[in-house]
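Accompanying notes for the structure given below.
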Amino acid sequence: MWRKRAVIWLMICITAIGLLIGRLVQVQLVSTESFTKHRINLLEASVVQRSQQMILDNGRGGFLDRNGESLVHRKVPVLILFPFLKNMDWDSEKVAEIVGVSKESIQYRIRQATEPFAYGEPKPLKLTDEQMEKINALEIPGVFAVERKYSLLDFPAEQLIGITGENMSLLQKRYPEKELSEKTIIGLTGLEKSFDEFLLPDGNSKLIYHVDAKGGPLFGIDVKYVEPANPFYPVNIKTTIDKDIQQVAEELVDQYKVNKGGVVLLDLETNSVLAMVSRPKINKAKPFNDDTNGVENTMVTQQILGSVFKTVVAGAAIDNGLDDPMRMYDCSIKINGEPDLVYDHGMLNFSDSFARSCNNTFGTLAKELKDIDPNILEEFAGKLSLVGTVGWSGDIYHFSDFKQIQDEQKGRVFLTEDAKKDQNYVALSGIGQHEVRATPLAVANMMGTIAKGGIKESVRVVSEVEYKNGSSLLPFEKMNLQGDSISPYTAMKLQKLLREVVLNEKGTGRWFKELPYSVAGKSGTAETGIYKDGKQFHNKWFAGYFPYEQPKYALVTVNLGVYGDEGGVNGLFADMVNRLYDMDQKETVSKR
């Protein structure tokens with residue numbers, strides 16, 4: 001009996017030892033860089049245990065504006081101090097003298113430190129080249145003057161660029177074949193999400209100083225500067241944003257107290273976004289807590305258009321011979337035939353109806369177009385890029401149908417086939433109500449399509465992906481949008497209508513007549529159907545392009561969810577035009 005028990009115990013011991021050996025092999029040889037489901041890098045963890053290190057660059061790629069200026073990061077030359085200095089006799093007085101602070105302040109910060117730090121953080125002391133050279137010449141262990149990359153808490157075009165974070169489940173879902181640390185930062189929204197695979201770190205840059213068990217330096221082992229082996233990474237995403245123009249747009253949006261809404265500005269020569277402002281701002285503390293925290297980019301989210309959609313109806317009417325200049329419309333009544341006590345314009349022709357935004361005219365035209373073909377409004381909205389998406393998309397590398405703006409929503413005219421045939425729904429749709437929706441970005445592109453005589457192009461927000469050394473990895477060329485566009489003749493007629501909105505003495509854009517750039521455009525005040533204290537909220541729009549004679553910009557300003565008697569965007573649009581004109585004049589002078 002005892003022999004049987006001994007054999008059993010022997011087998012248990014052998015099995016246990018085998019399991020321990022197997023676990024040791026896994027830890028030491030097999031899963032050294034991806035241990036457990038959390039993909040813990042044991043090699044890095046072991047280094048951390050026997051060293052003190054300062055991360056100088058987390059290795060994730062960044063974003064540049066069209067002139068190559070960083071948008072989300074800044075590199076700062078800083079003084080790095082290691083905590084073991086508290087146990088050493090070193091020339092703190094000399095270091096303090098070089099950087100222009102007191103010796104006591106440096107010594108105090110070191111006494112409080114448990115890990116390496118940049119002096120002055122969270123607002124690090126910025127060193128000059130001369131100061132850096134003098135500090136490093138002292139060759140004091142644990143004292144270094146280096147450049148460190150900081151992520152900006154507030155940066156321009158924050159919703160367009162997006163936010164990042166740690167999300168283990170999303171990381172594994174997105175990159176099941178890659179061996180990435182659970183601490184890997186990934187893009188969660190915006191361009192950070194769209195270009196995430198390009199931006200993934202290839203390793204971070206850091207200062208490593210090996211220490212003994214008590215945290216003291218191991219003399220004879222110099223500080224090591226470690227960076228990724230590939231000199232071309234991390235890459236940078238070069239956007240089409242102009243940082244100076246973007247900052248002007250953000251200042252003006254806040255000046256006019258736009259709580260929800262914003263601005264889209266396109267460069268028509270390249271059909272690229274120069275500025276995009278979305279409000280509300282992102283709540284950095286709780287970005288995903290609820291829908292009021294500003295993560296959503298309102299400029300690529302479908303909105304109720306209101307009278308801006310009359311541009312589509314006007315174009316369809318022109319195409320189908322319904323733009324008779326001699327025909328008069330009763331603009332003293334609403335689309336349901338009741339008297340319009342607010343907008344009693346009397347009898348107006350087609351052009352004046354557009355300039356003064358007569359609802360009855362375009363409700364009537366929409367019904368007549370429906371009688372010709374119930375699909376006409378949808379088809380013409382497609383020709384003007386209001387339905388579908390307008391952001392650049394195409395096949396690149398192993399990406400099929402890669403989208404620069406993954407969060408962009410599609411526009412629409414009708415939700416059901418029955419609504420296309422209903423007189424009342426069609427009339428409401430003709431004035432941009434009922435189920436008509438489009439993004440401000442698509443509206444800006446519509447204005448650009450008209451300004452360019454019917455040339456319908458996709459909108460770029462990124463011009464290229466650059467290697468670390470500035471050479472091009474992947475350019476994004478101009479690309480036409482798929483599908484039919486309007487004819488040059490229809491575009492010319494629409495151009496005149498949009499200009500008349502400004503020139504007509506009672507036009508809804510008459511406020512822009514004296515601007516330094518000649519403006520063409522269309523206003524819109526959309527009813528949202530949402531009420532508070534008995535008052536309905538509205539979406540206020542003005543969308544246009546300028547200069548009229550030689551179009552350079554398309555601009556959309558929109559204020560969402562405001563009362564009918566407040567929150568207009570005329571001042572915002574006018575000030576944007578004025579500031580752009582001033583900036584263009586300065587640029588012209590500087591080139592002479």
Side-chain angles (χ1 to χ4, degrees), residues 47-60 62 64 68-156 158 164 183 185 201 203-227 234 243 247 284-285:
V47 171
V48 169
Q49 283 187 331
R50 52 188 170 82
S51 67
Q52 291 180 351
Q53 52 185 290
M54 164 63 77
I55 304 297
L56 303 179
D57 187 334
N58 66 10
R60 184 172 176 83
L64 309 175
E69 289 191 49
S70 178
L71 292 172
V72 297
H73 301 113
R74 64 186 178 112
K75 286 191 174 182
V76 182
V78 295
L79 173 64
I80 303 294
L81 300 171
F82 281 68
F84 58 70
L85 288 166
K86 68 184 73 172
N87 301 318
M88 292 175 52
D89 183 18
W90 60 287
D91 198 348
S92 58
E93 186 171 355
K94 183 63 176 177
V95 173
E97 179 185 337
I98 292 172
V99 299
V101 299
S102 69
K103 177 180 71 173
E104 289 74 22
S105 67
I106 289 180
Q107 291 176 338
Y108 174 79
R109 281 290 286 113
I110 291 173
R111 286 196 300 271
Q112 302 299 313
T114 57
E115 56 187 26
F117 65 94
Y119 179 79
E121 285 185 337
K123 294 183 178 180
L125 179 67
K126 186 176 181 180
L127 304 179
T128 65
D129 291 342
E130 183 181 2
Q131 287 173 323
M132 292 181 69
E133 188 177 341
K134 287 181 178 179
I135 289 170
N136 290 330
L138 295 175
E139 296 184 350
I140 300 173
V143 179
F144 309 99
V146 294
E147 276 194 340
R148 191 181 190 202
K149 187 171 80 172
Y150 288 87
S151 296
L152 299 176
L153 183 62
D154 292 309
F155 52 85
E158 60 181 11
T164 59
K183 297 294 184 181
I185 299 295
N204 50 31
S205 300
K206 55 192 174 185
L207 286 173
I208 296 181
Y209 209 97
H210 292 274
V211 295
D212 59 24
K214 296 181 179 180
L218 288 174
F219 293 104
I221 304 179
D222 294 331
V223 64
K224 291 183 178 180
Y225 174 70
V226 179
E227 65 176 351
K243 192 174 183 178
Q247 289 173 340
K284 304 297 195 307

Indicate the atoms forming the closest heavy-atom contact of [X] with [Y], along with that distance.
X	Y	result
Ser70	Leu64	CA-CD2, 3.9 Å
Lys86	Ala113	NZ-O, 2.8 Å
Ala118	Pro124	CB-CB, 4.5 Å
Pro141	Leu85	O-CD2, 3.2 Å
Ala145	Met132	O-CE, 3.5 Å
Ile55	Arg148	O-NE, 2.8 Å

Can you tell me how far the [atom1] atom of [X] sits from the [atom2] atom of [Y], to the nearest 0.5 Å?
X	Y	atom1	atom2	result
Phe155	Lys243	CZ	NZ	12.0 Å
Ile135	Glu130	CD1	CD	11.0 Å
Trp90	Ile106	CH2	CD1	5.5 Å
Glu147	Lys126	CD	NZ	9.5 Å

For [X], does the [atom1] atom sit with more than 12 other heavy atoms under 6.0 Å from it, leaving out its own atoms?
X	atom1	value
Glu93	CD	no
Glu133	CD	no
Glu104	CD	yes
Lys134	NZ	no

Does the side chain of [X] reach to within under 4.5 Å of the side chain of [Y], using non-hydrogen atoms?
X	Y	value
Phe144	Leu56	no
Pro156	Leu71	yes
Leu81	Val143	yes
Asp91	Val95	no

- Item | Pair Ile98-Leu79, side-chain contact (heavy atoms from CB on, under 4.5 Å): steps then yes or no | CA-CA 11 Å; Ile98 292 172; Leu79 173 64; over 6 Å; no
- Task: Could you go through the side-chain contact (heavy atoms from CB on, under 4.5 Å) check for Phe82 and Met88 one step at a time?
- Result: CA-CA 11 Å; Phe82 281 68; Met88 292 175 52; over 6 Å; no
